[in-house]
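See below for the structure under consideration.
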Amino acid sequence: MTSTGLNDVVDFINLSRDRHVEELKAFLAIPSISALAEHAADLRRCADWIAGEMRRIGLHNVTLIETPGNPVVYADWLDAPDAPTILFYGHYDVQPVDPLDQWTSPPFEATVRDGEIYARGAADDKGQIFMHFKAIEAYMQKQGRLPVNIKFMLEGEEEIGSSHLDEFVRSHRRELAADVVVISDSPMLERGIPSICYGLRGMVYCQIDLRGSKTDLHSGSFGGAVANPAFVLAQVLAQMKDRSGRVKIPGFYDAVRPLTDEERAEWKKLPFNETRYRKEIGAPRLAGEKGYTVFERVWGRPTFEVNGLLAGFTGEGAKTVIPAVAMAKVSMRLVPDQQPDVVATLFENYVRKVTPRTVELKVTRMHGGKPWMAAFDNAFVRAAGRAIEQGFGKAPVFNREGGSIPVVSTFQEELGLPSVLFGIGLPDENSHAPNEKLDLENFHNGVIASAYLYREIAGVGRRSDAPGAPSP
Ligand SMILES: [Zn+2]
């Protein structure tokens, strides 16, 4: 195949545009909600549907690999012996749909309105998986082969924390060997501004439980003689940040890699309207660490957040009570080179220090994930940038993300693989919220970009001696 011979593939994609949408609707009709046990059969049905689609477009070794939870769907195409191998990761499970009454159309009856397809999973992540299937289908139909080797690994537990994924990757190292991981599970910077994300924040999530008495107490009979856990909790949480937005946990910033002048200069060039951003959120004013811009605060600096509080009487009317217990869920977003375990310990020590002995304290570590950042000039990242430019007619910007995709560091650590985040969603796609949607123009351009991605990655060449043809 010549390096310019993609016209037939792109023509096929262009002619298939309406068919792609109809097929995507069938994928989106399966309520594969991993958080709810009653949908277990739907997850399997979804995995089977994907397997059927993979076989139909011409992938090989299509297998549902069992895990202690939902199966991983594996498939490959390894007939390009001298070309690199892409390991494609995605997930077929979706978030729950409540509150259902806020959906304009039913979450599992995909509906097109104003050029967007509305359904749970449209952007996160079924639409973005399907985009790659359609690019592969076009290659197979027009050229009978792909310019690269490809392996698919699609899991069904991403929305519930991917608890079996690390072990799966560890125990299938040989089968998953590749040159680069491609993940399409993130939004682009803004509508009309395609982007390649090269960094993610990590995460530590903890729960604080305080107990001041055996049961709730009468605030008249006991008020003044015992500590109130709700009030103590507020005091403890108030000590986590100072007035300039800096986290006060000792040692919290020790491992934070400072932003470079070069990176700060790049981010200053990105289009951003602070007033519009503020109004979209509906915040009276923005807040954050002094001395940093919004992008720097969200992408390049760590945070401490209170995710939930529970204490005392919250019903209608008044009840004079001193609550026996108070609880907070808190999380910290981490940046390179902070380590989740280290930060969790720093946090726990500090909470113990600032909590008075008048209450019993329990700290529970819920989950964590490492931050990740690719080298700015990584050849695969640049190849993805060229593919996006072909598909969207516009060079992408390079940005980081404030969120976390823990699997990216798993691939780095267990398989030694760099990841390319090739996402075509939009920031207002409502993933995890009612009225999730995917822009169909972006989807279509994404299928074309995906086709170019395989060619561009073929051009980078092989990074390692990743075996070409394992048996799964
Ligand atoms: Zn996702």
Side-chain angles (χ1 to χ4, degrees), residues 24 27-36 39 42-43 46-47 49-50 67 69-73 87-98 107-108 110 116-133 152-166 168-169 181-189 195-203 205 331 333 367-372 384 399-411 419-439 442-443 446 450:
L24 177 58
F27 192 9
L28 294 172
I30 307 169
S32 49
I33 304 171
S34 51
L36 303 174
H39 285 284
D42 293 319
L43 279 131
C46 194
W49 189 92
I50 293 168
T67 73
N70 300 319
V72 168
V73 189
L87 173 62
F88 182 86
Y89 164 84
H91 63 92
Y92 62 86
D93 63 325
V94 299
Q95 283 272 322
V97 294
D98 48 287
F108 297 107
E116 320 220 43
I117 188 163
Y118 286 79
R120 172 58 86 227
D124 180 18
D125 183 30
K126 289 175 175 174
Q128 301 203 56
I129 294 174
F130 205 61
M131 161 182 100
H132 289 278
F133 287 177
F152 275 92
M153 172 191 160
L154 305 178
E155 71 153 320
E157 300 182 302
E158 198 271 348
E159 302 294 5
I160 48 172
S162 300
S163 51
H164 301 109
L165 194 74
D166 283 10
F168 181 87
V169 172
V181 177
V182 170
I183 302 175
S184 295
D185 192 17
S186 50
M188 54 174 68
L189 188 68
S195 56
I196 298 280
C197 171
Y198 65 91
L200 297 164
R201 289 197 292 190
M203 156 85 92
Y205 202 114
S331 64
R333 295 280 175 176
H367 63 90
K370 289 181 183 167
W372 166 80
N399 67 302
R400 291 207 235 162
E401 268 287 327
S404 310
I405 308 180
V407 70
V408 170
S409 17
T410 302
F411 288 129
S419 289
V420 170
L421 301 188
F422 195 79
I424 57 103
L426 286 173
D428 67 348
E429 69 197 9
N430 298 325
S431 59
H432 299 206
N435 301 313
E436 181 176 347
K437 60 182 177 172
L438 180 67
D439 183 282
N442 280 354
F443 172 71
S450 169

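Counting starts at 1 for both ligands and their atoms, following the listed order.
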Is any side-chain heavy atom of [X] less than 4.5 Å from a side-chain heavy atom of [Y]?
X: F422; Y: Q128; value: no
X: V181; Y: V408; value: no
X: P107; Y: E436; value: no

field: Metal site the Zn ion (ligand 1): N/O/S of D125 inside 2.8 Å
entry: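 Looking at D125, which is the residue asked about, there is no N, O or S atom under 2.8 Å from the Zn ion (ligand 1).
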field: Short N/O/S contact of D185 with the Zn ion (ligand 1) (below 2.8 Å)
entry: yes
statement: ang(OD1 D124, the Zn ion (ligand 1), NE2 H91) rounded to 10° is 100°
Qualifying residue for side-chain hydrogen bond (donor to acceptor under 3.5 Å, both in side chains) with S162, from E155, H91, E157, H367: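 Among E155, H91, E157, H367, the one meeting side-chain hydrogen bond (donor to acceptor under 3.5 Å, both in side chains) with S162 is E155.
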